[in-house]
Participant: 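Handing you a structure now.
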Amino acid sequence: MPFGLVPGGIFRCAAVAGGRGPRDVSKPKTILDIQKMKAAGEKIAVLTAYDYPFARLMDQAGIDIILVGDSVGTVVSGYDTTLPVTMEEMLYHTRAVARGTGQALVVADMPFLSYQVDPREARLNAGRLVKEGGAQAVKLEGGTNVAATIRAIVEMDVPVMGHIGLTPQSVHRMGGYRVQGREEAQARQLLADARAVEAAGAFAVVLEGIPAALAREITAAVAIPTIGIGAGVGCDGQVLVIHDILGLCEKYSPKFVKRFADVSGTIRRGIDDYIREVKAGDFPGPEHSF
Ligand code: KIV
């Protein structure tokens, strides 16, 4: 083994961290805990993660649910939409997140074409995200149109989170990323979608890009927790993309995003300093040399 590459050695923070996140690993959250939070009026905090270090940090901070979103396609892989994301990519990212998570519930997104064509294939792919990815639940987009698929997955004991409203995998049908449910007929359809998702057995549902009043109405109409993104404060919980809240994604910032930190600035300063010190011959110093 080359010098420095010893197990638990100097190159891997994972070795120091010790695998699964250290926070209350004896009691990882379940879908029942999440559902009890709605009943107790306790807000549910959800963030996306796509890798081990981010999962570990948010798990230690006490996040309730980590969503391995197919937004990985846009914020990590640089695609314009989530449509190109594959099952293999989702499995890779889900495994990394699961390894960094101790107490949060890990939900993995089902990517485009992994559940739309055939309920049997949907069951297989949902099962893979649990068996090979280490997720405790999966999420898929759609309402009444995917109710039978949700039921098929739930019947094999894989918990499902629904996702209605602005569903990014339907970007071409919607004609862009537009707020849904502004008109009465569309609002009634979204209420029907939420009820269909609940009746099919979903344990929670994401409400994305819909008017706050409609989100509040849906939240009151269903017994399962609603997790809002661009849906106002009347939902049972909130989800945002981690790159958005940390200011890591500068390409585009929707109105519903709040930046809680400017990590891009910190990274840029660190990289600038590194380049300057390497060019000047100031790094590595004697303290970094053997
Ligand atoms: O892919 C994703 O990150 C999502 C959330 C933003 C809801 O679906």
Side-chain angles (χ1 to χ4, degrees), residues 34 44-51 54-55 58 63-87 89-94 96-97 104-116 125-126 129 133 135 137-143 146 150 159-171 174 177-181 190 193-194 197 202-210 215 218-219 224-232 235-246 248-249 251-260:
I34 300 300
I44 302 160
V46 186
L47 278 171
T48 67
Y50 317 103
D51 59 25
F54 273 103
M58 60 183 75
I63 199 79
D64 297 309
I65 300 177
I66 299 181
L67 172 65
V68 190
D70 62 351
S71 50
V72 69
T74 51
V75 300
V76 175
S77 305
Y79 299 129
D80 285 337
T81 71
T82 56
L83 298 178
V85 176
T86 64
M87 269 301 294
E89 287 169 324
M90 288 309 301
L91 283 166
Y92 172 84
H93 290 286
T94 304
V97 166
L105 185 82
V106 176
V107 179
D109 249 343
M110 298 195 69
F112 180 59
L113 277 195
S114 70
Y115 61 94
Q116 288 91 343
N125 286 325
L129 288 165
V138 300
K139 175 168 83 56
L140 56 89
E141 298 180 7
V146 295
I150 293 176
V160 174
M161 177 181 272
H163 183 164
I164 64 170
L166 192 171
T167 44
Q169 291 177 19
S170 312
V171 58
M174 295 182 301
Y177 299 105
R178 301 165 177 282
V179 173
Q180 304 292 299
L190 284 174
D193 283 337
V197 162
F203 77 94
V205 60
V206 169
L207 307 181
E208 178 163 357
I210 68 174
I218 291 174
T219 300
I224 57 174
T226 60
I227 311 293
I229 171 165
C235 301
D236 299 306
Q238 294 291 323
V239 57
L240 281 178
V241 167
I242 185 68
H243 289 56
D244 288 339
I245 71 159
L246 297 183
L248 268 167
C249 206
K251 214 158 80 177
Y252 164 71
S253 187
K255 173 180 170 161
F256 56 80
V257 167
K258 178 173 174 183
R259 282 204 177 160
F260 289 82

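Note that the numbering runs from 1 along the sequence shown for the chain. Indexing begins at 1, ligand by ligand and atom by atom, following the structure's order.
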Participant: Report the C-alpha distance between Gln180 and Glu208 in whole Å, list the side-chain angles of each, state the deciding distance to 0.1 Å, and finish with yes or no for side-chain hydrogen bond (donor to acceptor under 3.5 Å, both in side chains).
Facilitator: CA-CA 8 Å; Gln180 304 292 299; Glu208 178 163 357; over 6 Å; no
Participant: Residues two or more places apart in sequence or in another chain: which of them pass ring-ring contact (aromatic ring centres under 6.0 Å, His included) with His243?
Facilitator: Tyr50, Phe54
Participant: Under the side-chain hydrogen bond (donor to acceptor under 3.5 Å, both in side chains) rule, what do Thr167 and Ser170 come out as? Steps first, then yes or no, please.
Facilitator: CA-CA 6 Å; Thr167 44; Ser170 312; 3.1 Å; yes
Participant: Provide, line by line, the atom pairs where ligand 1 and the protein bring an N/O atom each to a distance under 3.5 Å; else say none.
Facilitator:
from: ligand 1; atom 1: 1 (O); to: Asp70; atom 2: N; distance (Å): 3.2
from: ligand 1; atom 1: 1 (O); to: Asp70; atom 2: OD1; distance (Å): 3.0
from: ligand 1; atom 1: 1 (O); to: Ser71; atom 2: N; distance (Å): 3.0
from: ligand 1; atom 1: 1 (O); to: Ser71; atom 2: OG; distance (Å): 3.3
from: ligand 1; atom 1: 1 (O); to: Asp109; atom 2: OD2; distance (Å): 3.1
from: ligand 1; atom 1: 3 (O); to: Ser71; atom 2: OG; distance (Å): 2.5
from: ligand 1; atom 1: 8 (O); to: Lys139; atom 2: NZ; distance (Å): 2.8

Participant: If you apply the rule side-chain contact (heavy atoms from CB on, under 4.5 Å), what do you find for Asp51 with Val97, and how did you get there?
Facilitator: CA-CA 5 Å; Asp51 59 25; Val97 166; 5.7 Å; no
Participant: Would the distance check show the side chain of Ser77 and the main-chain N or O of Tyr79 forming a donor-acceptor pair, the cut-off being under 3.5 Å?
Facilitator: no
Participant: Hey, could you give me the CZ/NZ distance between Phe203 and Lys139, rounded to the nearest 0.5 Å?
Facilitator: 10.5 Å
